[in-house]
Protein chains: 2
Amino acid sequence: MSDPANPRPTLAGVAARAGVSASTASLVFSGAGPVAEATRTRVLEAAAALGYAGPDPTARSLRRGRTGVIGVVTEDRLGDAFRDPINLALLDGLGEELADEGFGLLVLPWAPDSGVDLSAVPMDAAILLGCSADLAHSVEVLQRRRLPLVAIEAPPLAGVVAIDLDNADATRRGAELLRELGHRRVALVTLPLDLGRTRAPLTPAREQEATAFTAMERIRGARAVFPDAGGVSAGGSTVAEGYLAGRALLDVPPADRPTAIVAQSDLLAAGVIRAAEELGIAVPAELSVLGFDGVRLDGITPYALTTLVQPAVEKGRAAGRAVREALAGRTPVPVSFASELRAGTTAAPPPTF
Amino acid sequence: MSDPANPRPTLAGVAARAGVSASTASLVFSGAGPVAEATRTRVLEAAAALGYAGPDPTARSLRRGRTGVIGVVTEDRLGDAFRDPINLALLDGLGEELADEGFGLLVLPWAPDSGVDLSAVPMDAAILLGCSADLAHSVEVLQRRRLPLVAIEAPPLAGVVAIDLDNADATRRGAELLRELGHRRVALVTLPLDLGRTRAPLTPAREQEATAFTAMERIRGARAVFPDAGGVSAGGSTVAEGYLAGRALLDVPPADRPTAIVAQSDLLAAGVIRAAEELGIAVPAELSVLGFDGVRLDGITPYALTTLVQPAVEKGRAAGRAVREALAGRTPVPVSFASELRAGTTAAPPPTF
DNA sequence: TTGTACGCGTTATCAT
DNA sequence: ATGATAACGCGTACAA
């Protein structure tokens with residue numbers, strides 16, 4: 001790799017060989033400033049002859065004060081972060097506004113003990129994605145670096161541009177639909193409450209210690225309508241986790257069974273439905289199921305899920321735009337998105353006895 | 001953001017305030033070299049007072065010649081690259097070997113016209129993921145930069161560490177199973193053949209111009225057993241695309257229908273099965289379906305797919321290790337992985353007439 | 001149109 | 001244990 005006899009060519013080397021000064025050679029590559037056609041050619045020829053690949057990105061970054069890299073901080077393991085379709089949609093949006101504009105996206109799975117040291121990563125700005133646990137801590141170190149920060153669905157933080165979603169209110173509207181249909185016994189299947197992703201029944205204590213902002217907001221919305229609603233927290237936003245949660249809630253004497261379940265994601269809802277099917281509980285005749293996200297389930301379930309559709313791609317675009325605004329020296333405005341209740345075939349009046 | 005009155009603190013500033021030289025202050029932060037406990041404290045205090053966030057990553061990168069960033073070059077749009085479960089598994093492997101070791105993964109969706117200029121991205125090494133089209137071109141510019149390169153399932157390229165899979169041979173073994181079961185009329189549903197992702201029947205001309213290495217290898221393996229097998233190329237590795245391909249191949253007079261379909265991914269296979277169901281064609285009684293990948297279909301289809309299981313996570317780990325080897329100055333050894341035929345319930349003898 | 005001079009913020013080397 | 005000096009490779013005033 002590193003060949004001492006044949007060092008990597010530099011701008012200076014190219015310039016020397018072309019018989020011009022380094023600054024002139026620089027102009028040729030940056031395109032800023034006028035260069036005589038003849039000199040330009042000579043420089044390019046020298047570059048070709050030396051196998052010069054263009055200005056060193058690191059040196060250029062230092063000089064210009066820009067790396068062209070935007071960090072995306074997630075609290076998940078790498079694969080898991082992208083296993084959630086809602087994050088993929090978000091990535092699509094980010095891609096449009098950032099990747100397509102020449103920015104690279106640096107994925108940083110952050111955990112309290114993880115190898116990545118946020119204070120040592122070269123980047124121009126950071127997007128906080130589903131970070132809520134020690135968010136404040138991550139934020140502090142990034143802010144000391146004076147990096148523009150954009151947080152998606154996070155508790156409000158000074159100096160951080162918020163891209164928000166009406167998690168509580170949307171869930172409340174969904175819950176109201178269930179109440180209007182006549183449901184009284186409603187249970188919740190929530191997203192993971194903390195970094196531990198514990199799969200367990202909701203208890204006041206656990207909710208107290210929860211660090212996941214989005215999950216807690218959605219619980220809050222549901223409780224606005226069903227103050228006593230209990231439920232379980234899942235270990236992730238997957239069909240498999242939804243299934244487990246569904247079994248836990250539904251595999252009980254019929255009299256104790258909820259007549260409706262508010263799931264905090266469509267994947268969880270699909271898992272709940274599968275559990276119901278397996279237990280011989282008809283959806284929606286005997287059990288109504290509400291989802292969240294509005295992702296295409298693409299045959300994961302034959303039902304048209306009744307769910308809250310969130311504008312995930314738009315969220316990504318907004319975050320991307322906010323980053324660009326900040327980098328352009330302007331002050332990005334926080335954005336708040338609204339979800340929309342989409343009626344499907346999984347919500348109906350409760351069974352009558 | 002940028003406050004002219006209160007410039008971002010630098011190591012020099014901290015050193016000055018602590019009354020030591022910059023070199024000493026540097027030692028405090030890098031931990032390399034002995035520093036008296038008293039001085040260390042003074043430096044850290046000065047840093048705290050000034051809000052110094054630690055050495056600037058860009059400057060450090062320039063000086064040390066390392067950024068801590070590994071590029072992952074894909075030819076897909078950002079979201080699409082991660083929509084394929086096999087890539088997610090790969091990412092898991094990469095995460096273990098790289099992210100967990102403190103490297104950042106810089107996702108670079110590359111297309112001939114895309115905004116990202118590979119010659120301008122600060123990184124220490126690059127992993128080429130499913131890049132085959134103008135791979136040679138991408139590789140050239142990266143090699144001029146003397147970056148260690150690792151390619152996953154790519155045509156052999158000088159100086160690029162190959163992480164390979166037995167795509168052709170595995171497919172051949174799957175095809176042999178079908179032949180042994182008695183199948184003679186077999187059709188292929190392939191991954192996209194080129195950047196255009198054209199959804200169309202296979203023709204010699206199209207295969208000639210194809211740029212997708214993996215897809216072509218798998219075709220080659222299938223043809224080793226069924227030399228005349230035709231088929232269609234899908235527009236992506238998704239259930240929806242598989243469904244479309246399935247309709248195209250199966251919605252024909254029964255006499256023209258294939259008795260078996262070799263799909264190049266499990267998602268495509270699931271789509272084919274769905275198409276068959278919709279057309280009233282029983283699987284596997286009237287149609288056998290072979291997949292590839294061995295991903296958990298998690299309820300996408302009730303069938304246990306007969307498929308070729310590839311060690312995707314291992315592939316990612318191998319790629320990650322190769323990168324680290326190269327960065328450590330050693331020469332990584334290329335690795336070749338083998339897939340395993342896993343019998344499911346979707347392959348059976350063809351119907352008898 | 002081209003060259004000169006300097007600095008971006010750090011760290012490695014070598015003295016002291 | 002600490003400090004002076006010199007890069008790392010480039011961009012950009014400013015002068016010529």
Side-chain angles (χ1 to χ4, degrees), chain A residues 2 4 7-43 46-47 50-68 119-124 144-147, chain B residues 2 4 7-43 46-47 50-68 119-124 144-147:
Chain A
S2 29
R8 198 152 54 80
T10 72
L11 191 52
V14 172
R17 175 159 179 139
V20 299
S21 80
S23 48
T24 304
S26 174
L27 292 184
V28 170
F29 289 102
S30 70
V35 177
E37 198 46 41
T39 17
R40 146 177 267 103
T41 337
R42 253 183 322 128
V43 170
L50 294 175
Y52 181 65
D56 179 89
T58 310
R60 162 181 285 187
S61 296
L62 175 58
R63 186 60 242 242
R64 301 230 261 226
R66 282 284 157 83
T67 64
S119 74
V121 181
M123 55 186 173
D124 298 338
R144 258 204 300 274
R145 284 182 58 185
R146 315 250 178 122
L147 293 183
Chain B
S2 28
R8 196 153 54 82
T10 73
L11 191 53
V14 172
R17 177 162 177 136
V20 298
S21 77
S23 349
T24 305
S26 173
L27 291 183
V28 170
F29 290 101
S30 70
V35 178
E37 198 46 41
T39 15
R40 141 176 273 102
T41 336
R42 255 186 316 130
V43 170
L50 293 175
Y52 180 66
D56 179 88
T58 310
R60 165 180 288 195
S61 297
L62 175 60
R63 183 62 240 232
R64 300 231 260 226
R66 280 286 157 83
T67 64
S119 73
V121 182
M123 55 187 173
D124 297 338
R144 258 204 300 275
R145 284 182 58 186
R146 315 252 178 122
L147 293 183

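Below, read A as the first sequence line, B as the second, and so on, with proteins coming before strands; counting in each chain starts at 1.
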Inset, instruction - Examine distances only and state if a side-chain atom of A:T24 and a backbone atom of A:V20 form a donor-acceptor pair shorter than 3.5 Å. - result: no
Inset, instruction - Look at the side chain of B:S26 and the backbone N and O of B:A22, then say whether any donor-acceptor pair between them is shorter than 3.5 Å. - result: no
Legend entry - Phosphate OP1/OP2 of D:dT2 contacted by B:T24 side-chain N/O (<4.0 Å): no
Legend entry - Whole-Å gap separating P (D:dT2) and CZ (B:R42): 8 Å
Inset, instruction - Measure from the side-chain heavy atoms of A:V20 and tell me the nearest of C:dG3, C:dT2, D:dC10. - result: C:dG3
Inset, instruction - Verify the contact: side-chain N or O of B:R60 to OP1 or OP2 of C:dT11, cut-off strictly under 4.0 Å; return yes or no. - result: yes
Legend entry - Minimum-distance nucleotide (side-chain atoms of B:L62 versus C:dT10, C:dT4, D:dG9): D:dG9
Inset, instruction - Taking A:R60 for its side chain and A:P55 for its backbone only, find out whether a donor-acceptor pair lies under 3.5 Å. - result: no
Legend entry - Proximity to the side chain of B:T39 - top-ranked nucleotide from D:dT2, C:dG9, D:dT5: D:dT2
Legend entry - Phosphate-side-chain proximity, A:R63 and D:dG9, N/O vs OP1/OP2 below 4.0 Å: no
Inset, instruction - Report yes if a side-chain nitrogen or oxygen of B:Y52 is closer than 4.0 Å to either non-bridging phosphate oxygen (OP1 or OP2) of C:dT10; otherwise report no. - result: yes
Legend entry - Backbone N/O of A:A46 and side chain of A:R17: donor-acceptor pair under 3.5 Å: no
Inset, instruction - Please tell me which of the listed nucleotides, C:dG9, C:dT11, D:dT12, lies nearest to the side chain of B:A59? - result: C:dG9
Inset, instruction - Nearest whole angstrom, please: distance from the C1' of D:dA13 to the CZ of A:R64. - result: 16 Å
Inset, instruction - Please report the C-alpha distance between A:D56 and B:R145 in whole Å, then the side-chain angles of each, then the deciding distance to 0.1 Å, and finally whether the salt bridge (charged side-chain N to carboxylate O under 4.0 Å, His left out) criterion is met. - result: CA-CA 8 Å; A:D56 179 89; B:R145 284 182 58 186; 5.9 Å; no
Legend entry - B:R8, nearest nucleotide to its side chain (from C:dG9, D:dG9, D:dG3): C:dG9
Legend entry - Under 4.0 angstrom between A:S21 side-chain N/O and C:dG3 OP1 or OP2: yes
Inset, instruction - Just compare D:dA1, D:dG11, D:dA4 and give me whichever is closest to any side-chain atom of B:A36. - result: D:dA1
Legend entry - Pairwise 5' ranking along DNA chain D for A:L11 and B:G19, keeping only the more 5' one: B:G19
